Trainee: 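Before we start, here is the structure in question, set down as C-alpha cells.
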Amino acid sequence: MLIFSVFKTLTDQEVIVELKNDVSISGTLKSVDQFLNIKLDNIKVVNEEKHPHMIAVTNCFIRGSVVRYVQLPKGAVDTQLLEDATRRESSNQKGGKA
C-alpha cells in the first residue's frame with residue numbers, strides 16, 4: 001500500500017498517465033483508490049493528432065489495470081522518505097509482520 005500512499009499525497013498535481021494502449025493523458029490528479037484507479041481533471045491527450053476523439057474530453061476515470069506508467073512532477077516525491085518507507089515495509093514482510 002506504499003505506492004497508494006504516495007499517490008494520495010499527489011492530489012491536485014499535474015501527472016501524465018500512459019495507458020497500455022499507448023495513449024498518454026496529462027491532467028490534474030483528483031483522486032486515486034487502493035486499486036490505483038485514477039481520476040483526472042483538465043485532461044489533454046499528449047498526441048492529439050493520433051487520438052482526435054479525445055480532444056473534447058475534459059475529465060476521465062482510468063482503471064488501474066490499464067495503466068502502464070504514471071509520470072510524476074519532478075520534486076513532488078521525497079525520494080529519501082520513500083526509500084526509507086520501502087526498507088521498513090520490506091523488513092516487516094521478511095519478519096512475518098505483513
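Counting from 1, the numbers follow the sequence of the chain as shown. What you see is a predicted model, and the numbers here were worked out from it, not measured in a lab.
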Trainee: Listed by chain and number, what are the side chain to side chain donor-acceptor pair (under 3.5 Å) partners of Arg68, not counting sequence neighbours?
Mentor: Glu18, Asp22
Trainee: Between Val57 and His53, which heavy-atom pair has the shortest distance, and what is it?
Mentor: CG2-O, 4.3 Å
Trainee: Does the pair Ile16 and Val70 meet the rule for a side-chain contact (heavy atoms from CB on, under 4.5 Å), with working shown?
Mentor: CA-CA 6 Å; Ile16 299 174; Val70 178; over 6 Å; no
Trainee: From Cys60 SG over to Ile43 CD1, what is the distance, rounded to the nearest 0.5 angstrom?
Mentor: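 It comes to 4.0 Å.
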Trainee: When you measure from the side chain of Lys20 to the backbone N and O of Ser65, does any donor-acceptor pair fall under 3.5 Å?
Mentor: yes
Trainee: State the CG-CD distance between Leu29 and Gln13, to the nearest 0.5 angstrom.
Mentor: 8.5 Å
Trainee: Compare all side-chain heavy atoms of Val45 with those of Ile55 and state whether any distance is below 4.5 angstrom.
Mentor: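 No, side chains not in contact.
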Trainee: Do Val66 and Val23 sit in one hydrophobic cluster, given that two such residues count as connected whenever their side-chain heavy atoms are within less than 4.5 Å of each other, even indirectly?
Mentor: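 Both belong to a single hydrophobic cluster.
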Trainee: Starting at CG of Asp41, measure out to CG of Asp12 and round the result to the nearest 0.5 Å.
Mentor: 9.0 Å
Trainee: Name all residues meeting the side chain to side chain donor-acceptor pair (under 3.5 Å) criterion together with Glu14; count only those two or more places apart in sequence or in a different chain, and write none if there are none.
Mentor: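 Counting only residues at least two positions away or on another chain, Glu14 forms a side chain to side chain donor-acceptor pair (under 3.5 Å) with Thr28.
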Trainee: Hydrophobic clustering (ILVMFWY, side-chain heavy atoms < 4.5 Å, transitive) - are Val67 and Val15 grouped together?
Mentor: yes
Trainee: Indicate yes or no: at least one non-hydrogen side-chain atom of Leu19 is less than 4.5 angstrom from one of Tyr69.
Mentor: no
Trainee: Nearest 0.5 angstrom please: Phe7 CZ to Asp33 CG, how far?
Mentor: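 Reported to 0.5 Å precision, the distance equals 11.5 Å.
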Trainee: Run through Val32, Ile38, Asn37 and flag the one making a side chain to side chain contact (heavy atoms under 4.5 Å, CB included) with Phe35.
Mentor: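 Answer to the side chain to side chain contact (heavy atoms under 4.5 Å, CB included) test with Phe35 among Val32, Ile38, Asn37: Asn37.
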Trainee: Just verifying a value: how many Å separate His51 NE2 and Ile25 CD1, rounded to the nearest 0.5 Å?
Mentor: 8.5 Å
Trainee: The test is side-chain contact (heavy atoms from CB on, under 4.5 Å); show your working for Leu40 and Val17 and say whether it passes.
Mentor: CA-CA 9 Å; Leu40 295 177; Val17 179; 3.9 Å; yes
Trainee: Just how far is it from atom CD of Gln71 to atom OG of Ser26, taken to the nearest 0.5 Å?
Mentor: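 It comes to 9.5 Å.
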